[in-house]
Visitor: 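Dropping a structure here in structure tokens format, bear with me for questions.
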Amino acid sequence: MVSIDAPPPTPVVLMLPGQGSQYPGMGHGLYGTEAVFTRVVDEVLELLGAEGRRVRDDWLAERPLVDLDDVTRAQPLIFALDIAYGALLFSWGVRPAALVGHSAGEYAAAVLAGIMKLPDAVAALDARVRALAAAPRGGMASVAASPAMLTPWLTSQVVVGAVNAPLQTMIAGPEPQLTAVTDALTAGSVTWMRAKATTGFHSPSVEAACASTRPAYERIDFKAPRTVVVSGYTARPLAEPQLSDPDFWAMQPARTVLFHAALTHLLDGAGPVGGGPFLLVEAGPGEGLSLIARRHQAVTRNGSAVVPLSPVRAGAQLDAGQLAVVAGKLRDRGHRLGRRAPAPVEPAGPGGPEGATAPSARQREDQRWTARAGAA
């Protein structure tokens with residue numbers, strides 16, 4: 001009898017979302033039921049100290065004291081959840097071929113790939129959030145147009161913040177200038193929609209705030225990635241000189257995100273991971289990047305598939321159901337998944353991580369996920 005070898009598993013690419021992906025109730029159904037997810041979220045927020053406890057309280061509250069769209073809530077929560085979703089996949093035995101992040105998602109990707117140690121990244125994140133909280137109030141808007149089409153409306157302050165698809169551009173800037181531009185777009189019959197942000201990310205309005213955080217990045221010992229990270233700022237795999245440049249990391253919230261170009265680099269086979277087919281898994285809240293990726297010509301051309309780890313709406317059953325969908329797609333594409341931790345764990349609770357019981361040996365081992373994050 002001739003044995004036929006099974007085809008190799010379809011390579012996985014993790015897509016990590018950024019600002020705007022947050023929504024009330026995101027991840028609630030996994031916190032306290034999925035062990036690795038819970039421990040990683042607690043680990044990230046514990047590193048933020050008292051502010052981390054306030055962030056978690058607002059995340060879990062029905063009526064948060066600080067709105068989740070505020071930079072002091074959205075940024076640390078997206079970072080924590082992106083990493084927790086990624087770590088959950090790692091705990092199943094998934095080893096991605098590459099990671100690509102959108103805005104703050106690239107920062108989470110750097111931790112998952114081993115470029116930065118988690119405590120160092122959180123310390124710099126704390127400096128970033130504090131600086132951005134003092135920046136001028138502003139926002140972002142998604143416009144159904146190319147950057148070239150928007151040229152007549154853009155100004156020195158309201159600029160292209162991100163290019164997500166050929167006809168999907170984010171503009172960003174301070175108020176009231178951003179509203180003046182969106183009003184002009186409406187008058188010109190151009191379709192647009194506000195993003196969930198109260199800061200003008202990726203515009204000149206946050207440049208001074210970002211520059212002030214450079215010392216926090218100078219203290220980081222950057223390492224070569226264990227997994228390819230395609231940067232949304234260069235549309236190329238992260239490498240020197242950007243990899244260890246404090247300015248590159250400090251200024252990311254002020255620079256244009258080139259997510260479509262980064263995705264094209266991955267899917268067209270120009271990078272080091274081949275041209276697919278891939279299983280693109282969105283590891284973070286919502287389905288924003290999945291919607292973008294599904295419309296990319298190369299996804300249908302090379303037989304790739306796209307699936308989000310998180311549903312677009314909150315709900316424990318939705319969260320659990322979406323995990324099952326992702327696990328099924330991974331198995332269908334040749335991945336042999338390890339046993340998920342079935343036993344619920346007790347979250348840190350209103351008193352914060354300091355009130356949690358001492359971790360067991362199993363928990364301490366799970367908390368070493370950063371050391372294994374990018375291992376092939």
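Just so you know, residue 1 is the first one in the sequence shown, and it goes up from there. Atoms considered below: every heavy atom in the structure, side chains included; atoms not considered: hydrogens, waters and symmetry mates.
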Visitor: Which heavy atom in S304 sits nearest to a heavy atom in L267, and how many Å separate them?
Guide: OG-CD2, 4.3 Å
Visitor: Does some side-chain heavy atom of L47 sit less than 4.5 Å from a side-chain heavy atom of L118?
Guide: yes
Visitor: Under 3.5 Å, side chain of S310 to main-chain N/O of G286, donor-acceptor pair present?
Guide: yes
Visitor: Please check if atom CZ in R194 has more than 12 non-hydrogen atoms from other residues, nucleotides or ligands closer than 6.0 Å.
Guide: yes
Visitor: If you compare all heavy atoms of L81 against all heavy atoms of P285, which two are closest, and at what distance to 0.1 Å?
Guide: CB-CD, 4.2 Å
Visitor: Assign the ring pair Y217 / Y107 to parallel, tilted or perpendicular, where the plane angle (0 to 90°) is split at 30° and 60°.
Guide: perpendicular
Visitor: Judged by atom type as modelled, is there a donor-acceptor pair below 3.5 Å linking the side chain of W59 to the main-chain atoms of H28?
Guide: no
Visitor: Just so I know, are the side chains of V325 and K329 near enough to count as touching, which here means a heavy-atom distance under 4.5 Å?
Guide: yes
Visitor: Going by atom types only, do S142 and W192 share a side-chain donor-acceptor pair under 3.5 Å?
Guide: no
Visitor: Between L279 and V281, is a side chain to side chain contact (heavy atoms under 4.5 Å, CB included) present by the stated rule, with each step listed?
Guide: CA-CA 6 Å; L279 180 59; V281 180; 4.0 Å; yes
Visitor: Between R39 and E34, is the salt bridge (Lys or Arg N to Asp or Glu O under 4.0 Å) condition met? List the steps.
Guide: CA-CA 9 Å; R39 289 172 190 142; E34 287 289 339; over 6 Å; no
Visitor: Examine distances only and state if a side-chain atom of T256 and a backbone atom of V160 form a donor-acceptor pair shorter than 3.5 Å.
Guide: yes
Visitor: Go through the steps to decide whether M26 and L77 satisfy the test side chain to side chain contact (heavy atoms under 4.5 Å, CB included), and finish with yes or no.
Guide: CA-CA 10 Å; M26 58 183 179; L77 283 173; 3.9 Å; yes
Visitor: Give a yes or no on whether the backbone of F90 and the side-chain of R95 come within a donor-acceptor separation of less than 3.5 Å.
Guide: yes
Visitor: Tell me whether E282 contacts the main-chain N or O of S290 through its side chain, where contact means a donor paired with an acceptor under 3.5 Å.
Guide: yes
Visitor: D120 side chain to I220 main-chain N or O, any donor-acceptor pair under 3.5 Å?
Guide: no
Visitor: For P225 and I115, which heavy atoms make the closest approach, and how far apart are they?
Guide: CB-CG1, 3.7 Å
Visitor: Using 4.0 Å as the upper bound for N to carboxylate O, is an ion pair formed by E43 and R56?
Guide: no
Visitor: When you measure from the side chain of K196 to the backbone N and O of Q22, does any donor-acceptor pair fall under 3.5 Å?
Guide: yes
Visitor: Can you tell if the side chain of Q168 reaches within under 4.5 Å of the side chain of H260, non-hydrogen atoms only?
Guide: no
Visitor: For Q297, does the CD atom have more than 12 heavy-atom neighbours from other residues, nucleotides or ligands under 6.0 Å away?
Guide: no
Visitor: Hey, what's the ring geometry for H202 with Y233, parallel, tilted or perpendicular (30° and 60° as the breaks)?
Guide: tilted
Visitor: Whether the side chain of T234 engages the backbone of R236 through a donor-acceptor N/O pair (distance < 3.5 Å, no angle test) should be reported.
Guide: yes
Visitor: By the ring pair (Phe, Tyr, Trp, His ring centres under 6.0 Å) test, which pairs, at least two apart or in different chains, include something from residues 297-337?
Guide: none
Visitor: Thinking salt bridges, do K223 and D221 make one under a 4.0 Å N-O criterion?
Guide: yes
Visitor: Kindly give the heavy-atom pair with the smallest separation between A109 and L16, and that separation in Å.
Guide: CB-CD1, 3.7 Å
Visitor: Verify the distance criterion only: is there a donor paired with an acceptor across the side chains of E240 and S244 at less than 3.5 Å?
Guide: yes
Visitor: Testing the basics here: between T38 and G32, what is the closest heavy-atom pair and its distance to 0.1 Å?
Guide: OG1-N, 2.7 Å
Visitor: Quick check: closest heavy atoms across A127 and T213, and the distance to 0.1 Å?
Guide: O-CG2, 3.6 Å
Visitor: Determine yes or no for a side-chain-to-main-chain donor-acceptor pair under 3.5 angstrom, with S203 supplying the side chain and G200 the backbone.
Guide: yes
Visitor: Run the ring pair (Phe, Tyr, Trp, His ring centres under 6.0 Å) check on Y31 and F37 step by step: do they pass?
Guide: CA-CA 7 Å; Y31 187 71; F37 183 91; 7.3 Å; no
Visitor: Is Q252 close to C210 at the side-chain level, that is, under 4.5 Å between some pair of heavy atoms?
Guide: no
Visitor: Determine yes or no for a side-chain-to-main-chain donor-acceptor pair under 3.5 angstrom, with Q177 supplying the side chain and V158 the backbone.
Guide: no
Visitor: Can you tell me if CZ on R130 sees more than 12 non-hydrogen neighbours from other groups inside 6.0 Å?
Guide: no
Visitor: In the structure I gave you, are the side-chain heavy atoms of V100 and L14 within less than 4.5 Å of one another anywhere?
Guide: no
Visitor: Decide, yes or no, whether a salt bridge links D268 with R301 under the criterion of side-chain N to carboxylate O below 4.0 Å.
Guide: yes
Visitor: Is any side-chain heavy atom of V129 closer than 4.5 Å to a side-chain heavy atom of P76?
Guide: yes
